[in-house]
Amino acid sequence: MQFSPLIKSPRLATIVCAALLSSLPALTHANTFSQVAVSAGEESNVPRALDGPNEKESRFTQLEYSFGKLYEMGAKNTLVLSAAVSSAKFTDLRGFDRVGLSVAANYNYKWALGAYAPVVSLSTSYGVEEYMGRARDNDLLTVDVSYLKRLSPAWFLTLGADYRNSGADSLPFDPIINEFGYDPVRSLPFDLYDYDSTSLYADLEYAFENGLLLNGGYRRVNGFTVSSTTTPTLKLYKLASALYTDPAFDSGWVAYQLEADTNEWSLGLSVPSSRDSSINLGYSFYDIRAVGRKTYTNRIFSVSYVHNF
Amino acid sequence: MTTILMKAIDNFFQCSLQKAAGFVFALSVSFALLTSFASAQGVVLRLQDSDGEPVVEAVMELLSDSASSSTSTALQEVEIDQRDKEFIPSVTTVVAGGSASFPNSDDILHHVYSFSPAKTFDTPLYGSDLDSQYREVFDVPGVIEIGCNIHDWMLAYIYVGQSELMAISDEQGVVSLTGMAPGSYTLRVWHSRLDAPQNYMEQEVIIEAGRTAELEMTIELARDRRVRRAPSANRKRYR
């Protein structure tokens, strides 16, 4: 696994500095917090393959640890600065194993005091993900605006929109892709994860009196997707906006980027296991519609444990 | 005893017609005067919900027009601690004119507020080093719901009574009062989840010298306003 230097862009450097600033106790009153989330699950189509033979399912485990500080800048204004490290390990597709590091700033404006006051939340985050090969390494900048409202002790509504800008390492020419009809005149980029996307989302939670929490969510993403195949065709080559040998597999696989709209539906059940922890079941269904009428799906089922410290 | 019971029931229904505000007697709620026996006069109330479970942290107050009901003129000072991100205790009584402080025993900061009509206030975010600075005086009888603006699940109630003739039900749902002067009182029962306007009900009772009245009451509890504390995988952000 190749790890890029942490400071590899001015954006990251800026936000790392902001995170370091958060450790200064004299800045203002702040609460520290941390959270660990461990999950295991199964993904039905890890390479986001279009055709059946290339659809590879795999079980996975994930670990995420986040920590940060909450600053109250007034009765209605809070700022949360946080950082997170994460890792994912796939049992059958080791090439998709990854580690990640991110920092985030989250500003919340509350219309009034209390749990029932509506909140507008503005967030930005910057993170890097390192895979088994550089072609999938990426850094991700997100900007998110959301509206949160507790409607009652049982119901909680979240509406939001976000923008994501993904950047990839500059990659050297890979002669293997000549075998797949690479046209140097067309100069198709190699940077699979160089794209941006926007999304709209909604999520509704219902909490039972015994503490069980059900949630359902929908997210519509207008952007791109990265898929893999062992049989790249000329048609696919013409539709793709980036192409490179997929380092997640031993050989014979090509990863490509397609402009795509994604509908994501999710369901979750959360069972409190203590005052500050829960066991969660989650199911997400992805309906991905790419250019050229390329339609495919992915399903992720997971069980996770979340603990707040 | 039969006379006391009949008078209590009669007074109750008379008052229920007269006091439109804050006086609702749900069909599922029932009072029963069980016994009275010779001793220092007093009232013992046993509370249960519609499932037969004891109702804890209900407040019983005896209200009287007589100014002499109050057994003490000293201003009360009570403490509501904040420990492990919870208010302790979650229900406190204080006589009107008294005050409450909100020590912070956690190593994090809290921001206490209330927007209850009986008392509106909010402290700044503060830690254990500044917790002695914040004390609120409660001049008006009523119920003050307090929360923490950082930790949404933190919720507690301060019941501001007219006199010291009030107490909180224990784990067995029992609440008792002694030492009041004999006479006619309005017995008010309040609980944060009592399914009635302003979460209380009232009944007229007559306290006879040297007798303790034992009452049983079944109340309907509404959903708790407290929100879930445990995090979820869906919404992991700090709250």
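Predicted, not measured: the structure shown is a model, and the values here were computed from it. Labels below follow one simple rule: chain letters A, B, ... track the order of the sequence lines, proteins then strands, and each chain is numbered from 1.
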| query | Just by distance, with hydrogens left out, do A:N280 and B:N234 show a side-chain donor and acceptor under 3.5 Å apart? | reply |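 Their side chains do not contain a donor-acceptor pair, so the 3.5 Å distance test is not met.
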| Can a donor-acceptor pair be found between the side chains of B:R228 and A:S270 at a distance below 3.5 Å? | yes
| query | So do B:S232 and A:E205 actually touch side chain to side chain, heavy atoms under 4.5 Å? | reply | yes
| Are side-chain heavy atoms of B:V227 and A:F156 found at a separation under 4.5 Å? |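 No, side chains not in contact.
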| request: Could you grab the distance from atom CG of B:L125 to atom CE of A:M73, nearest 0.5 Å is fine? | output: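 Separation between the atoms: 12.0 Å.
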Under 4.5 Å heavy-atom distance to chain B, tell me which part of [X] shows up: side chain, backbone, both or neither.
X: A:Y305; value: neither
X: A:N215; value: side chain
X: A:S274; value: backbone
X: A:F67; value: neither
X: A:A117; value: neither

| request: Go through A:R275 and B:K85 one step at a time and tell me if the side-chain contact (heavy atoms from CB on, under 4.5 Å) criterion holds. | output: CA-CA 10 Å; A:R275 287 201 299 193; B:K85 301 174 195 169; over 6 Å; no
| said: Out of B:H111, B:R226, B:M154, return the one with the most heavy atom pairs under 4.5 angstrom to chain A. | reply: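 Answer, by heavy-atom pair count under 4.5 Å with chain A: B:H111.
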| message | Heavy-atom pairs under 4.5 Å with chain B: which of A:S277, A:S66, A:S123 has the most? | response |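 Heavy-atom pairs under 4.5 Å are most numerous for A:S277.
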List the atom of [X], the atom of [Y], and the distance in Å for their closest heavy-atom pair.
X: B:R223; Y: A:A207; answer: NH2-O, 2.8 Å
X: A:E209; Y: B:D224; answer: OE1-N, 4.2 Å
X: A:L113; Y: B:Y113; answer: CD1-CB, 3.5 Å

| field | Structural part of B:D107 lying under 4.5 Å from a heavy atom of chain A | value |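 Answer is neither: B:D107 stays 4.5 Å or more from chain A.
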| field | More than 12 heavy atoms from other groups under 6.0 Å of CZ on B:R188 | value | yes
| task | Look at the side chain of A:N31 and the backbone N and O of B:I108, then say whether any donor-acceptor pair between them is shorter than 3.5 Å. | result |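 Checking the backbone N and O of B:I108 against the side chain of A:N31, no donor-acceptor pair under 3.5 Å is found.
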| task | Starting from the C-alpha separation in whole Å, work towards a yes-or-no answer on side-chain hydrogen bond (donor to acceptor under 3.5 Å, both in side chains) for A:K110 and B:N149. | result | CA-CA 10 Å; A:K110 220 173 180 180; B:N149 198 39; 3.0 Å; yes
